[in-house]
Every structure is written in C-alpha cells, then in structure tokens.
Peer 1: 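Okay, handing you the structure first.
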Protein chains: 2
Amino acid sequence: MTRAPASRAIEHTPLWLKLSSYLVLSDEEKSYLSDLERTIVREPPRTDLLQQGERYRDVRIMRDGWAIRHKALPDGRRQVVNFVLPGDLIGMYCTLFESADHSVTTLTAVEVASFPPERIGELFRSFPRLAAALAWSGAREEAIVAERLLSLGRRTALERTAHLIVELLRRLSIVNMAADGHFVLPVTQEILADALGLSIVHINRTLRRLRDSGLIELNGQRITVNDVRQLASVGQFDELYLHLIRAPRRLERAFSGAHHHNGARPDGEDRPKA
Amino acid sequence: MTRAPASRAIEHTPLWLKLSSYLVLSDEEKSYLSDLERTIVREPPRTDLLQQGERYRDVRIMRDGWAIRHKALPDGRRQVVNFVLPGDLIGMYCTLFESADHSVTTLTAVEVASFPPERIGELFRSFPRLAAALAWSGAREEAIVAERLLSLGRRTALERTAHLIVELLRRLSIVNMAADGHFVLPVTQEILADALGLSIVHINRTLRRLRDSGLIELNGQRITVNDVRQLASVGQFDELYLHLIRAPRRLERAFSGAHHHNGARPDGEDRPKA
DNA sequence: ATAGGGCTACAACATAGGTTAATCGGCCCG
DNA sequence: CGGGCCGATTAACCTATGTTGTAGCCCTAT
C-alpha cells in the first residue's frame, strides 16, 4: 500500500524536491514542470511500465511508489539495474532511442505522470535550464548505476548488501520517505538477489548475517538500520556518487540571466561565435 | 602508439561521426561543435584526465586514443566502468556535480579537445538540438554501463568476456577503428579483469578458452574475431543496447518545428543512415 | 650483455557463492 | 476447514572463480 497523495502543489512533487536540491527554478520553469506532470496515471503492483524491446511510448515521471528497472537475458537470468523512486524519470532520454533496452516494472501501486515524447523537443528549445537539470538528473542516475557496477564487480556479498541498504536510505530521505533509519522496502528477496547479482539463497544468508550482527532489523517489509555509520563502513559507502551537493557556482552563473520561454531569444550575453 | 590525426575537418571528427548516426546536424551546429573542439591537447599513456574526488575542470572530448573510466574502493580494489573511445565525452554532465566520482586514465597517447564548463550553459541555451544529441550520447553511455552491469551480475566469465569483445568491435566500427573483425586492444589483462569483475588469472584462463575454441586470435594487442556471430552468441550479445539505430521520426519532428534564433535549419531532413 | 620491471602463462589449492531440496508460515480461496 | 501457492529459511553439497606461487618472455636502462 502506498501513500495516497492527492493533487498537490508542484512544490511538493518529488521531482521538484530533487531538482531544487540542485538549482533554483524560476516560476516559469516551475509551472512548465507542473504542466508536464498534469496527466496522472495510477498503476497496480507488478505492472510493466515499459518492456524491453518495445518501441517507446510516453515519458513517465514517478510520483509515488516503487518500481525496478531491469534487463533480462534470453534464458531468463535477470539483473535489476536500479530502483525507481519518486522523483525519478522513466524513459526520458530513451525516447530518443528506437526501442527500450530494459523493462520497468512496478513493485507497489504507483502514481506516475505521463507526457508525450514530443515535449522533450519543446523542453530543450524553450527551457534550457530545465533541460540541463534533467540531464543532471540523468547523469546522477548513471552515477548510481556505475556505483552498483563497482559493487557487483568488486564488493563481496555482505558489502554489496550493506551498500545498497545505505544507498536506499539516503535516496529515500531526499524525498521524505525515510526517517530515523527505517523505511519500507517493498521487495522480495528474489528482487534483492537480482539487484545484487546474487542467488536468493545467498541473499538470505547475507541478510541473516546483517541481522545477527545487529546492524539491521527486518519486520516484514519494514527495515530498520540501527547504526548507519557502521553499516556504511561495512559497505564501504561513500555518498559522493549520489551527488547530493549543489553544483558549483560557475554553472549557476553560466545559466543565470537567460531564462527564456517559448521562442524568446537568449539575451545577448555570451553568444557563441561559430 | 595511436594514429596521428592532424587537424581534420569537423566532418571527420569521431564525435561528429557518432552524432550524425543519430541526427542530421545543420551547418551552424556543425560549426559550433567544431568550435568546441578547437582547443586540443595531447596526453601520453597512463595520464589521469580526471581523478576521483577532484573538483571538475574542463569538459573533454576524446578525439583519438583510448582511456578508461574507473572507480576505486579505499582498499585498492578497482572497477573499470567503461572504455572511453574516440567520440566519447569526458565529464560532460559531471561538470554539473561538485566533484568527480570516478577517474579517467589514458591507455594510449590521446588527443582530446577541451572546453570550459561554462560553455555547457551556452550550448543548452543556444543549440537545443545539439544539447539533446549530447544528452542522447550520455544516455547511450548509460545504456552501456547498464549492460555491463547485467554482465557482471548474471553472465559467466566466458560470456562476459565474449560480450565485451563484441561490444568493442561494434563501437570501434562506428568510428572506423575496426575492420574485418580485428582491432587493437591497448589493454593489459589486469585492466580487462577490472572491467569484467574477474581476477587476472581467471581472465587469462578465459581468454585461453576463447583462443582454444578458435573464436578469437591474439597477437600482442591485436585481436582478431574469427566468427563474430558465434562469439556474439556465446556472450548473448544483443546490440539493441548500443542504440545504433536512428531515433524515431516523431522526435525529428519535435525538433524541426520552432527553430531558435541562430538555431538549426532542418535542411533536407532525414537522410536515412542507420 | 645483464639486470630488472611489467606482463603473460599455468599449476595447485582455497573459498565465496551457487544449486538443490526440504520445511515452514502466511494468505487466499473454495 | 483444507488445499495450494508464494516467499523465507536452512542444510548439504558443488563449482566457478579467487589466491598464491613460479616461470618465461620481452622490453628498456645501465
């Protein structure tokens, strides 16, 4: 069961929360963003929002609930690439591709906003700062995948698992879905296994070790992290890759001054010399 | 030793080659792109172009040579996230971050173009189609990392290795660096091991198996793939994720409508080119 | 030419994690 | 109330891959 967020102001939308930790959005940008989130769809758990191999349809913004992005081999082996949390985009740049190379499947009931891919062109043409912010969000997602690659390649099962738990805790706090070291993890052990490149049995063993050592507690889907510091240290967790810190000043400067909406021209400054 | 590309027209620049397989660039876009590549630097092998933890400096465009993008754990374990080939960008969106979460190190002598991060703002403001194309390129890179994640999580050592070889072959052909199933792989087995999440010894065993089965040949750094189809099948390689196929028509349309001031004219749109 | 460093190669052994299979508890449904 | 299914849990066993150690080759520096 997910929280039920009726219509809410754009200021409380998870995407806005995430982006605003990166740059200050103007009113026009805010209202355009909120317009992108106008069409809202609800889907039950275990629904495919996107299927590997299919041509793209709409771009989605996750507003509430959990999903996984995963890829499968022809023989059925499967890898969960990332968890899709509120504020994350689904198929953003992928719309620029011929067809999807991954699937996205809901874990809980979700609420997603949906807009046609044509609007991406519009977005890039008319709201360059917003476009850059979304590019930033995409780059951040890539950084998360790269960190998971490091996990699968070079961390042990115990380290990987600890690392993932701390990562989720951090990411969930950004969108106010975790407090006090505990959160709901709407996930079977099979999915954890597929995310960490382990077998179900071994994930089970590993969780047990974490519980036995008192680092975490599990009650149903509620997970409690008793000692974040220590868990982070077990997982060699360094939050640098989540890029929670604001972009350096020079970029704010690069973008300041020139918000233009539909068709406007960039006011003079800094014109490219071709 | 790398090929020595003197000054060459933008049309022969690897980045242009890569982007033009995606959309048709206008003359203005071409010349802006070429302006971005104006400042060129050469670096010897084993040079860090970027170091994990450091504040960002310039954005780089790889024009010639090989590099690796890698991440390290405090105890020295290392994962190669991706290979940086001509036409790839270094630290593009990362400039939007506080500091680097990965290192980039050259494998060969390289030639890179370099421009200050401020120009990203300029690019987004004035050349939205180009910005979208670069976003596409970034998304494609993420797709590659995700596919490698699938490899490390769910493919055996043999499959992973075969998969990587086929991937490199495909990527190198786009920039005309592979022909007839053979190319130069300027890489030690240690680096391969770090890319595939294996030990050096095991990569050695695995390459031996591939050689024994006649699928590949190795002479020094030259690798020859005797039977691409079969190697691809061993690695369960499906090139979908490389997104070599052009974006669907609707997107060209999205970008062709309201052009910007110095923006592109959709000259003779859509020359087919897969 | 000699010594040393970097890399490939392989053998012998060790182990993290996979596989198979059985049990158990909860939950839905008739 | 009883079956049936799904997921968690555990035990016993197995194998892919890691570790350690040694040797040889090919550079380059002296």
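Each chain gets a letter, A, B and so on, in the order the sequences are listed, and its residues count up from 1.
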Peer 1: D:dT17 C1' sits how many Å from B:Leu152 CG, rounded?
Peer 2: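 Atom CG in B:Leu152 sits about 14 Å away from atom C1' in D:dT17.
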Peer 1: Could you check whether A:Gly220 gets within reach of a base, just the sugar-phosphate, or nothing at all, counting any heavy atom under 4.0 Å?
Peer 2: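 No contact.
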Peer 1: Rounding to an integer number of Å, can you tell me how far B:Glu190 CD sits from D:dT19 P?
Peer 2: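 Interatomic distance, CD of B:Glu190 to P of D:dT19: 13 Å.
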Peer 1: Quick one: which of A:Glu167, A:Arg140, A:Glu147 gives a side-chain hydrogen bond (donor to acceptor under 3.5 Å, both in side chains) with A:Tyr241?
Peer 2: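 With A:Tyr241 as partner, side-chain hydrogen bond (donor to acceptor under 3.5 Å, both in side chains) holds for just one option, A:Glu167.
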Peer 1: Figure out the NE2/P separation between B:His202 and D:dT19, and round it to whole Å.
Peer 2: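 In whole Å, D:dT19 P and B:His202 NE2 are 12 Å from each other.
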Peer 1: Starting at the 5' end of DNA chain D, which residue's closest nucleotide do you reach first, A:Thr188 or A:Arg154?
Peer 2: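 Looking at the nearest nucleotide for each, A:Thr188 comes out on the 5' side.
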Peer 1: Does a side chain donor of either A:Arg160 or A:His163 reach within less than 3.5 Å of an acceptor in the other side chain?
Peer 2: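 No.
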Peer 1: Whole-Å distance between D:dG21 P and B:Ile200 CD1?
Peer 2: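 Those two atoms, CD1 and P, are 15 Å apart.
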Peer 1: Using whole Å, what does the distance between atom P of nucleotide C:dA22 and atom CG of A:Asn204 come to?
Peer 2: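 Going from CG in A:Asn204 over to P in C:dA22 covers 18 Å.
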Peer 1: Grab the CG-C1' distance between B:Leu218 and C:dC7 for me, whole Å please.
Peer 2: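 Distance check: B:Leu218 CG to C:dC7 C1' gives 14 Å.
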Peer 1: Does some side-chain heavy atom of A:Leu192 sit less than 4.5 Å from a side-chain heavy atom of A:Leu207?
Peer 2: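 In short, these two side chains touch, coming nearer than 4.5 Å.
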Peer 1: Which nucleotide sits closest to the side chain of A:Arg160: C:dG17, D:dT9, C:dT8?
Peer 2: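 Ranking C:dG17, D:dT9, C:dT8 by closest atom to the A:Arg160 side chain puts C:dG17 first.
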Peer 1: Do other residues, nucleotides or ligands put more than 12 heavy atoms under 6.0 Å from the CZ atom of B:Arg222?
Peer 2: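 More than 12 within 6.0 Å, yes.
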Peer 1: D:dG7, C:dA9, D:dT17: which one has an atom nearest the side-chain heavy atoms of B:Ala157?
Peer 2: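 Nucleotide nearest to B:Ala157's side chain: D:dT17.
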Peer 1: Nearest to the side chain of A:Leu198, which nucleotide is it out of C:dG18, D:dT10, D:dT17?
Peer 2: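 Out of C:dG18, D:dT10, D:dT17, the nucleotide with an atom closest to A:Leu198's side chain is C:dG18.
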Peer 1: D:dG18 P sits how many Å from B:Leu196 CG, rounded?
Peer 2: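 Rounded to the whole Å, the gap is 10 Å.
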Peer 1: Let me know, please, whether B:Val201 or B:Arg46 comes out on the 5' side of the other along DNA chain C by nearest nucleotide.
Peer 2: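 So the residue in question is B:Arg46.
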Peer 1: Counting only heavy atoms not in B:Asp212, do more than 12 sit closer than 6.0 Å to its CG atom?
Peer 2: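 Yes.
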Peer 1: For A:Arg205, answer base if it contacts any base atom (sugar-phosphate contacts may also be present), sugar-phosphate if it contacts only those atoms, and nothing otherwise; contact means non-hydrogen atoms under 4.0 Å.
Peer 2: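 The answer is base, as A:Arg205 lies within the cut-off (heavy atoms under 4.0 Å) of a base atom.
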Peer 1: Please state how far atom CD in B:Gln189 lies from atom C1' in C:dC7, giving the value in whole angstrom units.
Peer 2: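 Whole-Å distance recorded here is 8 Å.
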Peer 1: Nearest to the side chain of B:Ser199, heavy atoms from C-beta on, is which of C:dG18, D:dG18, C:dT20?
Peer 2: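 Selected nucleotide: D:dG18.
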